[in-house]
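Beneath this line is the structure, given in structure tokens, with notes to follow.
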Amino acid sequence: MKKILLLAALIMMGQTVVFAQKEKAVKETDVPVRYVKDFQNQARDAQNVAWFMALDSSAYTAQFTTPEGDLQAIHFTSKATETRYFIEEKYTPHAIQDTVANHYPKHKINQVYIRNLKGKMTYQVRIAQMKGFLFWKKEANVKILSFETNGKMIEAIDEL
């Protein structure tokens, strides 16, 4: 039964795999004015703002802390804007932790956030394998996993 479920999950993930892109830090002056204005309207009290740009310049992200100390981000593309509410791994639902442990036993969760895109909330989990020796470790086989709020996995995305 486990093999059938694993095979079904792999087929589902194989059909929905897309590629996430890495980002690089940029100055606010390098961000399109419309994104900066949208950000300022949505997060008036943001603190410690850092801007990032997708390597192909297709998306920009403003990462910041709220006055309460919570980490958030707003991700801008030409098609949509999404808000990301970062949460500590210890607050990740058990169904998500179990799915990662069962399907990706060699991976470690290193980032979890709740994603609000056009009013639809999902969990996004960034996982990676750590390769190397002692102090010379680097991430390998990085994936972004999407989950419904009930813990059901939607898709797996390979990060470039």
Side-chain angles (χ1 to χ4, degrees), residues 1-25 35 38-39 42-55 58-77 79-132 137-160:
M1 185 67 176
K2 277 187 175 180
K3 289 181 182 180
I4 292 171
L5 290 175
L6 181 59
L7 182 59
L10 290 173
I11 290 170
M12 180 186 78
M13 288 186 297
Q15 292 175 347
T16 60
V17 171
V18 295
F19 295 96
Q21 296 180 345
K22 290 187 179 180
E23 297 178 321
K24 68 175 184 175
Y35 296 150
D38 285 350
F39 172 73
Q42 293 179 41
R44 296 183 201 282
D45 54 359
Q47 302 170 351
N48 306 315
V49 179
W51 282 93
F52 300 91
M53 176 184 74
L55 294 180
S58 65
Y60 292 84
T61 302
Q63 188 170 325
F64 61 97
T65 53
T66 65
E68 297 80 22
D70 297 326
L71 182 62
Q72 292 184 10
I74 300 177
H75 184 75
F76 299 94
T77 66
K79 296 180 181 179
T81 299
E82 74 180 50
T83 305
R84 299 172 179 177
Y85 305 95
F86 292 89
I87 59 175
E88 293 180 43
E89 183 183 347
K90 65 183 178 183
Y91 298 120
T92 305
H94 291 290
I96 294 173
Q97 292 177 359
D98 292 345
T99 299
V100 172
N102 291 333
H103 294 285
Y104 301 96
K106 295 181 180 179
H107 286 73
K108 180 181 181 329
I109 295 175
N110 57 19
Q111 188 177 67
V112 180
Y113 58 89
I114 297 171
R115 176 182 180 210
N116 182 352
L117 179 61
K118 297 181 180 180
K120 182 178 180 186
M121 305 289 263
T122 57
Y123 282 95
Q124 304 289 299
V125 180
R126 185 175 186 275
I127 62 172
Q129 291 178 328
M130 297 306 293
K131 302 281 184 169
K137 292 193 177 207
K138 69 175 195 169
E139 293 181 337
N141 198 15
V142 180
K143 297 185 181 301
I144 306 295
L145 307 178
S146 297
F147 293 87
E148 293 177 357
T149 54
N150 65 7
K152 180 182 175 189
M153 189 159 72
I154 301 169
E155 66 182 349
I157 303 167
D158 290 325
E159 185 177 271
L160 296 176

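Residues: numbered from 1 along the sequence shown.
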When rounded to the nearest 0.5 angstrom, what distance separates [atom1] in [X] from [atom2] in [Y]?
X: Ile144; Y: Arg126; atom1: CD1; atom2: CZ; answer: 5.5 Å
X: Lys24; Y: Leu55; atom1: NZ; atom2: CG; answer: 7.0 Å
X: Lys120; Y: Glu82; atom1: NZ; atom2: CD; answer: 12.5 Å
X: Tyr60; Y: Asp38; atom1: OH; atom2: CG; answer: 14.0 Å
X: His75; Y: Thr77; atom1: NE2; atom2: OG1; answer: 6.0 Å
X: Phe86; Y: Gln72; atom1: CZ; atom2: CD; answer: 9.0 Å

### Message
Centre-to-centre under 6.0 Å for Trp51 and Tyr35, is that the case here?
### Response
no
### Task
Tell me, with the steps shown, if Arg84 and Gln111 meet side-chain contact (heavy atoms from CB on, under 4.5 Å).
CA-CA 11 Å; Arg84 299 172 179 177; Gln111 188 177 67; over 6 Å; no
Taking all non-hydrogen atoms of both residues, which atom of [X] and which atom of [Y] are closest, and how far apart?
X: Asp45; Y: Pro67; result: OD2-CG, 3.4 Å
X: Thr61; Y: Glu23; result: OG1-OE2, 2.9 Å
X: Ala95; Y: Asn150; result: CB-O, 4.4 Å
X: Ile127; Y: Asn110; result: N-OD1, 4.1 Å
X: Gly151; Y: Thr99; result: O-OG1, 4.4 Å
X: Asn116; Y: Gly119; result: OD1-N, 3.1 Å

Has [X] got a side-chain atom pairing as donor or acceptor with [Y]'s backbone, closer than 3.5 angstrom?
X: Thr65; Y: Gln47; result: yes
X: Gln63; Y: Phe52; result: no
X: His107; Y: Asn141; result: yes

### Query
Phe64 and Asn48: side-chain contact (heavy atoms from CB on, under 4.5 Å), yes or no, with the steps?
CA-CA 5 Å; Phe64 61 97; Asn48 306 315; 6.0 Å; no
### Query
Should Asp70 and Tyr85 count as side-chain neighbours, where that means a heavy-atom distance under 4.5 Å?
no
### From CA spacing to verdict: side-chain contact (heavy atoms from CB on, under 4.5 Å), Ile87, Tyr123
CA-CA 10 Å; Ile87 59 175; Tyr123 282 95; 3.8 Å; yes
### Thr81 vs Gln42, side-chain contact (heavy atoms from CB on, under 4.5 Å): CA-CA, chis, key distance, verdict
CA-CA 11 Å; Thr81 299; Gln42 293 179 41; 4.0 Å; yes
